[in-house]
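All remarks here apply to the structure that follows.
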Amino acid sequence: MFDWEREMVSCVPEYYKWTEWFFKQFYEAGLAYRNEAMVNWSPTLQTVLANEQVIDGKDERTGQPVIQKMMTQWFFRYTRYTDEMLNFDNIDWPEPIRIMQTNWIGRSEGARVVFKTEHGEPLEVYTTRPDTLWGATFMVLAPEHALVDKITTDEQREPIETYRAQAARSTEIERSAEGRDKTGVFTGAYAINPVSDARIPIWIADYVMVTYGTGAIMAVPSGDQRDFDFARKFGLEIIPVVQPEGEQFEGAAMEQAYDGSGVMINSGILNGIISNGQKGRKNPAVNAAISMLEEKGIGKESINYRLRDWLISRQRYWGSPIPMVQKQDGTFEPVPDDQLPVLLPDDVDFLPTGQSPLKLLEAFQNTVDSEGKPAKRETDTMDTFMCSSWYWYRYLSPHYANGPFDPEEAAYWLPVDVYTGGAEHATMHLLYSRWFTKAMRDLGMFEETMDIMKAHGRDPEVMQLGEPMLKLRNQGQVLGEERSGHYIVASGTWQATKLFADKVDVIDPADAPAKRSKLVVGEIIKRTENLLTVDVGDGELRTVEVVPEAVVNIPGMQGVGRPDQLKHHLEIQRMSKSKGNVVNPDEWVARYGSDSVRAYMMFGFDWQKGGPWDSKGIQGAVRWVNDVWDIVTGYNPPAHGNAEAERDIERKLHQAIRRVADGLENFSFNGSIAGLMKFRNDLKDVMKSGSVGAAAWKAAIRDMLLLMAPFTPHVAEELWAQQGHGYSVHQQSWPEYDAAKAAEDMVTLVVQVNGKVRDRVEVAAGISEADATTAAMNSESVQRALNGGSPKKVIFIAGRNGQEPKINVVV
RNA sequence: GGGGAUGUGGCGGAAUUGGCAUACGCGCAUGACUUAGGAUCAUGUGGUUCACACCUUGCGGGUUCGAGUCCCGCCAUCCCCACCA
């Protein structure tokens with residue numbers, strides 16, 4: 001149900017005023033900052049992109065390559081809440097989403113170790129395997145690492161500069177497309193291994209990312225395959241430090257890196273300690289290594305995250321303006337609250353300059369600072385994920401003027417109970433949203449809400465979680481229908497391997513004529529304009545061009561047939577105009593009514609999975625709705641029925657209540673409707689037997705309509721009114737489930753022999769173990785299996801929750 | 001390379017904690033009603049088998065009195081991440 005009084009639009013000033021306000025709040029709290037950083041730059045879009053918007057080194061929208069570039073940009077301290085965002089204890093979110101977010105945040109446990117160059121410059125690295133420190137035989141810096149310039153020797157300067165220039169030019173795709181073939185250049189400088197005092201060469205290579213860890217690694221070729229590949233390629237030393245039982249590793253002879261468990265060798269004081277191959281303190285060798293590093297003061301335990309701060313600047317027009325002005329001295333200050341929002345100008349020119357139109361608009365940029373001196377407005381706008389990171393708070397009170405939301409409303413509604421959306425939002429929208437809410441909490445934005453909650457007797461503790469949505473479920477997508485192509489007979493003239501058809505008839509495959517040289521007979525696999533690809537059987541394809549004046553006969557198609565009306569084969573895939581498999585719900589609603597279409601949408605699929613549309617499958621829902629209509633309007637029950645039958649329909653009603661309610665809570669809507677369809681079948685049986693009296697019948701119908709209301713709201717309302725009940729069916733209390741009423745008197749005792757079902761016996765519900773055993777022993781199948789002997793064991797399982805009792809005889 | 005999900009009749013899909021596998025629906029078959037049927041009604045419909053009976057949840061093992069469900073190893077498909085040190 002939609003409450004249109006709470007409609008809001010994120011690109012109107014009434015909304016984005018508060019998006020800007022949030023930015024300002026974050027800025028003043030130190031959660032927003034400006035920094036120079038290596039960013040993803042899209043030359044195509046002429047803007048920077050968040051890591052989340054770069055897929056395989058390409059921009060997710062255009063598929064064009066993205067390059068790395070140093071730029072000054074606005075960031076949010078996304079990493080402030082890494083550990084809290086890894087905690088899902090108090091929210092009910094799907095496991096796959098939690099795993100994806102966990103992997104995205106990418107927490108890794110290890111240590112930072114400070115190496116020194118020969119000349120004494122400190123060179124810090126991050127490693128998850130400090131136990132392998134003695135095996136570090138060289139170091140690798142990212143090409144962009146700040147120390148490269150300083151340490152490179154004169155002889156190596158030229159190749160280093162060439163390599164760095166090349167790395168800067170190349171896109172991330174090119175860097176990873178090289179796969180395992182390592183490249184790199186020696187700087188000419190050496191470092192001292194702080195534990196072994198070995199003099200080890202320092203290289204640069206693009207397999208080390210400047211953005212992760214410290215942008216520098218200690219390379220342990222005996223334990224890391226990437227380092228191993230690099231060492232082999234450039235002839236660097238390999239020292240084994242972890243040796244599995246029964247092996248005798250020799251650095252020169254190793255064929256690949258070994259990262260499994262074993263015992264430490266060549267490792268000074270660590271020799272003999274077990275390294276179990278794990279990361280963190282769980283590994284005895286790592287544990288010992290970290291203690292040693294901290295004791296000697298050359299390193300310390302350290303946690304590292306894959307997650308970077310959230311880059312929110314965009315060099316484009318669309319998006320909320322960043323409410324900052326740059327003063328003449330170059331520093332920034334926020335726009336005063338009473339001047340918010342900074343409006344997006346509507347007189348911009350979209351010129352192909354490669355720059356944001358705002359950059360070209362002097363009138364927008366020129367302003368004054370808080371002292372009245374000339375200043376320049378920030379022309380970057382915010383990532384539109386900003387707008388979607390808090391919209392549900394605005395829903396509460398879309399026209400509220402004193403803040404982003406009305407705390408009175410918030411105290412009633414927050415947090416969101418259930419949120420549904422696609423799983424594709426896992427690492428973007430849903431993670432941003434969690435960050436945003438945690439930041440709001442820490443900035444005290446929920447304080448007033450919590451006071452009001454307290455005043456209304458609601459426990460405000462839940463707001464301390466800083467979680468926007470307590471329960472999340474992902475829905476699947478309804479895909480296009482699988483459809484076979486038209487089966488055709490095309491005739492015309494051949495030119496080389498192509499048939500120019502002047503006549504095309506769509507036929508039933510059963511009526512296909514025999515193969516003839518002048519004909520093409522088969523299913524259309526593909527059609528582009530008037531060019532057909534036809535499967536003539538045995539996987540053989542023919543190309544047919546339908547000439548402009550050709551006669552096209554399509555049975556059931558009115559008017560003169562055109563080649564573009566010929567259907568081609570479609571596999572199950574997403575609906576899209578270009579594939580021609582879009583199912584327009586309006587057409588189906590016009591044909592069957594919205595309740596039937598709605599019921600089918602809920603019944604025909606696993607809601608969390610989605611699946612292909614099936615234009616025949618909808619018939620089941622249509623028949624159900626029609627049947628219910630006929631049952632309710634077209635049957636006159638007798639004044640009095642028999643008690644047993646009335647008890648039985650009451651029982652079935654309560655079983656239906658249970659199924660419908662369970663389905664609604666678990667998002668198994670198909671189960672709910674299956675329960676209702678079954679009840680429809682039960683009612684039809686009652687109609688046939690005429691055994692239920694008017695009062696019991698009317699009561700059953702009444703509750704069924706209540707159960708149907710969420711699924712077929714219009715038909716339920718109409719029938720509710722026709723039954724003489726007051727408006728509205730949607731404002732009644734839900735039928736209460738009564739387990740006693742749902743319980744069966746007689747149940748089927750399932751008799752198993754060695755766990756396999758061999759017999760079924762009708763017995764009274766709640767049968768005792770002794771009686772069940774007697775019944776089982778009297779079963780012919782059991783007698784046969786026992787063959788005169790006695791059972792080894794008999795296991796009785798009483799029926800729970802309406803389940804049948806079972807008895808298993810072990811022979 | 002790492003992580004995740006899925007795999008059940010001809011099809012969509014059911015199956016609380018391990019306890020009658022295939023609910024509900026589509027389709028199909030036979031019959032009825034009909035000038036007609038893409039309507040409706042009845043019956044049937046996992047497989048092998050005349051039957052008795054046996055087998056069956058991607059494949060192979062295991063745990064258990066009992067496995068679609070739990071564990072181990074494969075295979076297939078899809079998704080996410082990816083030189084992350």
Side-chain angles (χ1 to χ4, degrees), chain A residues 55-57 94-100 102-104 106 108 110 125-129 132 140 172 175-176 178-182 205-209 211-220 223-227 229-230 279 304-307 423-424 426-427 482 600 603-606 608-609 611-621 623-624 626 630 659 662-663 666 668 670-681 684 688 747-760 781 791-811:
Chain A
I55 311 289
D56 288 336
E95 175 88 18
I97 299 291
R98 303 199 311 254
I99 290 167
M100 277 192 258
T102 302
N103 291 343
W104 188 260
S108 98
V125 299
Y126 172 76
T127 176
T128 56
R129 293 297 303 275
T132 62
V140 187
E172 231 174 80
R175 279 170 77 149
S176 56
E178 291 165 28
R180 300 240 158 261
D181 199 19
K182 296 283 179 289
D206 62 11
Y207 80 92
V208 174
M209 306 286 122
T211 45
Y212 186 77
T214 62
I217 62 161
M218 63 174 207
V220 183
D224 183 291
Q225 192 59 39
R226 293 157 303 178
D227 298 344
D229 294 341
F230 195 84
K279 301 192 169 166
N304 210 40
Y305 299 91
R306 204 190 79 102
L307 193 76
E424 70 275 13
T427 55
E482 184 171 34
Y600 171 60
F603 175 67
F605 309 87
D606 171 351
Q608 306 206 34
K609 198 170 127 201
W613 175 264
D614 179 358
S615 53
K616 283 186 192 144
I618 192 171
Q619 287 301 332
R623 284 180 194 136
W624 172 52
N626 287 342
D630 292 344
R659 280 202 75 180
D662 282 357
N666 303 325
S668 308
N670 49 1
S672 293
I673 293 181
L676 285 164
M677 285 178 170
K678 199 179 173 79
F679 191 61
R680 173 263 320 254
N681 296 342
K684 280 174 125 180
K688 265 183 240 162
V747 293
T748 308
L749 174 68
V750 177
V751 180
Q752 301 177 325
V753 175
N754 291 336
K756 291 193 192 275
V757 178
R758 285 293 176 262
D759 207 352
R760 296 177 173 89
S781 306
K792 280 187 198 157
K793 205 172 177 184
V794 176
I795 290 145
F796 175 71
I797 303 102
R800 288 164 297 181
N801 296 334
Q803 283 182 347
E804 316 297 351
K806 281 137 213 123
I807 190 154
N808 190 8
V809 180
V810 184
V811 178

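The structure presented is a predicted model; accordingly, all values stated were derived computationally and were not measured. Chain A is the first sequence line, chain B the second, and so forth, proteins listed ahead of strands; every chain is numbered from 1. Reckoned from all heavy atoms, side chains included, excluding hydrogens, waters and symmetry mates.
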For [X], answer base if it contacts any base atom (sugar-phosphate contacts may also be present), sugar-phosphate if it contacts only those atoms, and nothing otherwise; contact means non-hydrogen atoms under 4.0 Å.
{"X": "N670(A)", "answer": "sugar-phosphate"}
{"X": "G604(A)", "answer": "sugar-phosphate"}
{"X": "I99(A)", "answer": "sugar-phosphate"}
{"X": "R680(A)", "answer": "sugar-phosphate"}
{"X": "N681(A)", "answer": "sugar-phosphate"}
{"X": "K792(A)", "answer": "nothing"}
{"X": "G617(A)", "answer": "sugar-phosphate"}

With respect to the phosphate group of [N], does any side-chain polar atom (N or O) of [X] fall under 4.0 Å of OP1 or OP2?
{"X": "R306(A)", "N": "A85(B)", "answer": "no"}
{"X": "K609(A)", "N": "G12(B)", "answer": "no"}
{"X": "K616(A)", "N": "G27(B)", "answer": "no"}
{"X": "Y212(A)", "N": "A85(B)", "answer": "yes"}
{"X": "R758(A)", "N": "G66(B)", "answer": "no"}
{"X": "R98(A)", "N": "G4(B)", "answer": "no"}
{"X": "K756(A)", "N": "C54(B)", "answer": "no"}
{"X": "R659(A)", "N": "C24(B)", "answer": "no"}

Partner lookup for [N], please. Criteria are Watson-Crick or G-U wobble with both distances under 3.5 angstrom; report none if nothing qualifies.
{"N": "C78(B)", "result": "G4(B)"}
{"N": "U16(B)", "result": "none"}
{"N": "G66(B)", "result": "none"}
{"N": "U57(B)", "result": "none"}
{"N": "A85(B)", "result": "none"}
{"N": "U45(B)", "result": "G27(B)"}

Using atom [atom1] in both nucleotides, what's the gap between [N] and [M] to the nearest angstrom?
{"N": "G19(B)", "M": "C74(B)", "atom1": "C1'", "result": "29 Å"}
{"N": "G18(B)", "M": "G13(B)", "atom1": "P", "result": "25 Å"}
{"N": "A5(B)", "M": "C71(B)", "atom1": "P", "result": "11 Å"}
{"N": "G60(B)", "M": "A15(B)", "atom1": "P", "result": "26 Å"}
{"N": "G10(B)", "M": "C28(B)", "atom1": "P", "result": "16 Å"}
{"N": "G2(B)", "M": "U8(B)", "atom1": "C1'", "result": "30 Å"}
{"N": "U34(B)", "M": "C78(B)", "atom1": "C1'", "result": "49 Å"}
{"N": "G44(B)", "M": "C26(B)", "atom1": "C1'", "result": "16 Å"}

For the residue pair S108(A) and T128(A), what are the closest heavy atoms and their distance?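 For S108(A) versus T128(A), the nearest heavy atoms are OG-CG2, 3.7 Å.
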Over all atoms of both residues, closest heavy-atom pair of R760(A) and T748(A):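 So the minimum-distance heavy-atom pair works out to CB-CG2, 3.6 Å.
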What distance separates D227(A) CG from K182(A) NZ, expressed to the nearest 0.5 Å?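 So the CG of D227(A) and the NZ of K182(A) are separated by 8.5 Å.
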Between [atom2] on [N] and [atom1] on [X], what's the gap in Å once rounded to a whole number?
{"X": "Y305(A)", "N": "A85(B)", "atom1": "OH", "atom2": "P", "result": "14 Å"}
{"X": "D606(A)", "N": "A23(B)", "atom1": "CG", "atom2": "C1'", "result": "15 Å"}
{"X": "N103(A)", "N": "C80(B)", "atom1": "CG", "atom2": "P", "result": "14 Å"}
{"X": "Q619(A)", "N": "G37(B)", "atom1": "CD", "atom2": "C1'", "result": "13 Å"}
{"X": "Q752(A)", "N": "C65(B)", "atom1": "CD", "atom2": "P", "result": "13 Å"}
{"X": "D614(A)", "N": "C24(B)", "atom1": "CG", "atom2": "P", "result": "19 Å"}
{"X": "D224(A)", "N": "G2(B)", "atom1": "CG", "atom2": "C1'", "result": "14 Å"}
{"X": "Y600(A)", "N": "C24(B)", "atom1": "OH", "atom2": "C1'", "result": "13 Å"}

Of V753(A), V809(A), N754(A), which is the lone residue that meets side-chain contact (heavy atoms from CB on, under 4.5 Å) with P791(A)?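 With P791(A) as partner, V753(A), V809(A), N754(A) yield a single side-chain contact (heavy atoms from CB on, under 4.5 Å), made by V809(A).
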Of the listed nucleotides ([options]), which one gets closest to any side-chain atom of [X]?
{"X": "M100(A)", "options": "C80(B), A39(B), A85(B)", "value": "C80(B)"}
{"X": "A674(A)", "options": "A85(B), A23(B), G27(B)", "value": "A23(B)"}
{"X": "S108(A)", "options": "C24(B), C83(B), A85(B)", "value": "A85(B)"}

If the plane angle is over 60° it's perpendicular, under 30° parallel, otherwise tilted; pick one for F230(A) and Y207(A).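 If you compare the ring of F230(A) with that of Y207(A), the planes turn out tilted.
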G9(B): syn or anti, per glycosidic angle within 90° of 0: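 It is syn.
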Assuming nearest nucleotide by heavy-atom distance, tell me which of S668(A) and G213(A) is located more 5' along RNA chain B.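 That would be S668(A).
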5′-ward residue of the pair R129(A)/M677(A) relative to RNA chain B: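 Final value for this comparison: M677(A).
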Does any non-hydrogen side-chain atom of [Y] lie less than 4.5 Å from one of [X]?
{"X": "V747(A)", "Y": "L749(A)", "value": "no"}
{"X": "I795(A)", "Y": "Q752(A)", "value": "no"}
{"X": "R129(A)", "Y": "T127(A)", "value": "yes"}

Between C20(B) and E804(A), counting only base atoms on the nucleotide and side-chain atoms on the residue, is there a donor-acceptor pair under 3.5 Å?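 Flag set: donor-acceptor pair detected.
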Distance flag, aromatic centroids of W624(A) and F679(A), threshold under 6.0 Å: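 They do not qualify: ring centres at least 6.0 Å apart.
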